[in-house]
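Comments concern the structure below.
A, B, ... follow the sequence lines: proteins, then strands. Residue 1 opens every chain. From a predicted model like this one, the values you see are computed outputs, not experimental measurements.
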Protein chains: 2
Amino acid sequence: MDREKAEKPKQSKKLGRPRAGQERLTRDGILEVALQLVDEEGMEALSMRRLAAELAVDPMSIYHHVSGKQAVISGLVDKVFAEMRLPPSEEAAWQERVRGWAVAYMDLAHSHPNLVLRIVSDGAAVSDAMLRISEPLYAALEEAGLPPRRIAVAADTVVDFVHGHALAEDSSTTSGDANFEGDLLERLEAQPSNSSPTMRRVFRALAEDSREMDPVASLNILLKGIEADADDESGQALDSV
Amino acid sequence: MDREKAEKPKQSKKLGRPRAGQERLTRDGILEVALQLVDEEGMEALSMRRLAAELAVDPMSIYHHVSGKQAVISGLVDKVFAEMRLPPSEEAAWQERVRGWAVAYMDLAHSHPNLVLRIVSDGAAVSDAMLRISEPLYAALEEAGLPPRRIAVAADTVVDFVHGHALAEDSSTTSGDANFEGDLLERLEAQPSNSSPTMRRVFRALAEDSREMDPVASLNILLKGIEADADDESGQALDSV
DNA sequence: ACCTGAACACCGTTCAAGT
DNA sequence: ACCTGAACACCGTTCAAGT
């Protein structure tokens, strides 16, 4: 935790013998420096050799603590998930709790933008972490009165949406352009004039509307859909239980 | 389109002069072979050098037709988007048309699993392609009677969900394990016994339920939410217009 | 105009050796 | 036990030269 940061590989390679019991290199220390590197310079800056330089250590030394680069990345995802903190919101309505969970998860992704792609796609690392953080989501959905199968469907829907949204936010900020929304309208109007009439109408109206697009509006759609599902006794098509 | 595939770099490097006007290397030909390579061997098999070998050409020749590796990848994403075909479904209800659009997009992602990560995250390539395929989605949502702002929110919600779902499908099949669902229950029960009671209940019930998890169930939740949004005259919180 | 080869500045990882 | 250095088999891309 309070490991000293090796700011530059400026220290001489010859260090004094480390105090007994306090190893120079630890898995946690490696991950901490790796996370800093990724946060500051992006995923493409993370190489085993660069990481070693940052740690003022021979590249190969790292392999004594983690099995390889893939393990470093998975470790980072894991570490970031461990940071997720939910608002306390115990006796709130289930809708509020679902919203709170989704927002907390979105914030988590948002606070490490360079890692978003791995967070949403590193199946192995994520599924473990997901198990640890998802209970409040499932509990809230159970309180909505849904049977198990519909709880699972609703939870997947929320999680998949959050993942997709995190990616969209990430690649719209990452890929250069500041004004992504107005940009779309421009490119649309550069197209043949009979194409995409509805989108033109929509984006034109949006251009005169300064309000930000709030992902909570999407969450509200999800919540209304889940409510409707909870009120529907008949079981939609195949989904009773 | 009907370019001959260079199966192995078995041809001698010394080729006869190509027929006039029919260049040996074209952007399309490069992308076609690259897509085949990615589909068959995955993203990590795609290197400029490997691609050149597949084309029986010097690695550097490729740079005369595309600006670099990133451009190849964006080109692939673009190419794949161009393949999207919607079911005709003109006079269907708007719900049916939204569902049809989402399913077609999911199928698109599904048919190139190794490219999913780029499809959902290559902002630059995607936003162009997105403009070309999204009109039917926006048109269906307009028919639902939503004002522009809510059309945009609903469309984003659908797109983000589809992206998240495509990723989840991809990494659950990619990351080894066959039985992903049962696997979760096992790992859950290996945890301290007081943890995640709701999730245990849900997954236990699901384990005795052989039916597949159908993403259409999630789409139905979205549709019910959008319907509720369309029926709500008051404008939810900040979203009138 | 189009293609090539050598070269540069990197990668991740294995393996045998050092302290 | 922990760390190291050389080596292997790769990368993407620049640049000057060939036909």
Side-chain angles (χ1 to χ4, degrees), chain A residues 3-4 6 9 11-31 33-34 37-38 41-76 114 118 122 124-125, chain B residues 3-4 6 9 11-31 33-34 37-38 41-76 114 118 122 124-125:
Chain A
R3 201 176 179 288
E4 281 139 44
Q11 293 177 289
S12 151
K13 283 273 172 93
K14 283 246 130 91
L15 294 170
R17 194 183 200 272
R19 303 204 196 91
Q22 201 202 318
E23 301 86 353
R24 196 137 60 91
L25 222 45
T26 62
R27 198 189 118 96
D28 273 7
I30 291 167
L31 290 181
V33 172
L37 182 58
V38 169
E41 303 187 39
M43 213 52 189
E44 62 294 334
L46 179 64
S47 73
M48 297 302 270
R49 292 166 124 109
R50 174 71 195 279
L51 184 52
E54 222 68 37
L55 289 158
V57 125
D58 184 278
M60 296 316 116
S61 303
I62 296 171
Y63 285 82
H64 286 270
H65 300 91
V66 295
S67 65
K69 191 184 185 181
Q70 197 44 242
V72 172
I73 295 172
S74 295
L76 289 183
N114 299 333
R118 312 307 170 126
D122 187 329
Chain B
R3 202 177 177 289
E4 282 140 41
Q11 294 179 288
S12 151
K13 283 273 172 91
K14 283 246 130 91
L15 294 170
R17 194 182 199 272
R19 302 203 196 93
Q22 200 202 319
E23 301 87 354
R24 197 136 60 90
L25 223 45
T26 63
R27 198 190 117 96
D28 272 8
I30 291 167
L31 290 180
V33 172
L37 182 58
V38 169
E41 303 187 39
M43 212 52 188
E44 62 292 334
L46 178 64
S47 74
M48 296 304 270
R49 292 165 125 108
R50 174 70 196 281
L51 183 53
E54 222 67 37
L55 289 158
V57 127
D58 184 278
M60 296 317 115
S61 303
I62 297 172
Y63 285 83
H64 285 270
H65 301 89
V66 295
S67 67
K69 189 183 186 182
Q70 199 42 243
V72 172
I73 295 172
S74 295
L76 289 183
N114 298 334
R118 311 306 169 127
D122 186 328

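For the C1' atoms, the distance from C/dC3 to D/dC15 is 14 Å, rounded to whole Å. Nucleotides C/dC2 and D/dA17 have their C1' atoms positioned 13 Å apart, rounded to a whole Å. Rounded to the nearest Å, the gap between the C1' atom of D/dA9 and that of C/dA9 is 16 Å.
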Stepwise side-chain contact (heavy atoms from CB on, under 4.5 Å) test for A/Ile73 and A/Val38: CA-CA 10 Å; A/Ile73 295 172; A/Val38 169; over 6 Å; no
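When Watson-Crick and G-U wobble pairs are counted only if both distances are under 3.5 Å, D/dG5 pairs with C/dC15.
Here A/Met60 lies in heavy-atom contact (under 4.0 Å) with a base. At the heavy-atom level, B/Ser61 lies under 4.0 Å from base atoms of the strands shown.
Of the two residues near DNA chain C, B/Ile62 and A/His64, the one whose nearest nucleotide lies more 5' is B/Ile62. Projected onto DNA chain D by closest heavy-atom contact, A/Arg49 and B/Ser67 fall at different nucleotides, the more 5' of which corresponds to A/Arg49.
Following rounding to the nearest Å, A/Leu51 (CG) and C/dC10 (P) show an atom-to-atom distance of 16 Å. In this structure, B/Leu25 atom CG and C/dC3 atom C1' are separated by 9 Å, rounded to whole Å. Between A/Leu46 atom CG and C/dC11 atom P there is a gap of 10 Å when expressed in whole angstrom units. Summarising the geometry, the separation between OH on B/Tyr63 and P on D/dC11 is reported as 12 Å, rounded to the nearest angstrom. Rounded to an integer number of Å, the gap from CG of B/Leu55 to P of C/dC2 is 16 Å. B/Met48 places its CE atom 21 Å from the P atom of C/dC8, with the value rounded to the nearest Å. Between A/Ile30 atom CD1 and C/dG12 atom P the separation is 14 Å, expressed in whole Å. If you measure from atom NZ of B/Lys69 to atom C1' of D/dC10, you get 12 Å, rounded to the nearest angstrom.
Here the side chain of A/Arg50 is nearest to one of C/dC11, D/dC3, C/dC3, namely C/dC11. Picking from D/dT13, C/dG5, D/dA7 the nucleotide with the shortest atom distance to the side chain of B/Asp58 gives C/dG5.
Here the CG-CG distance, from A/Leu25 to A/Asp58, works out to 10.5 Å after rounding to the nearest 0.5 Å.
Side-chain contact between A/Leu37 and A/Arg50 is present, with heavy atoms from C-beta onward closer than 4.5 Å.
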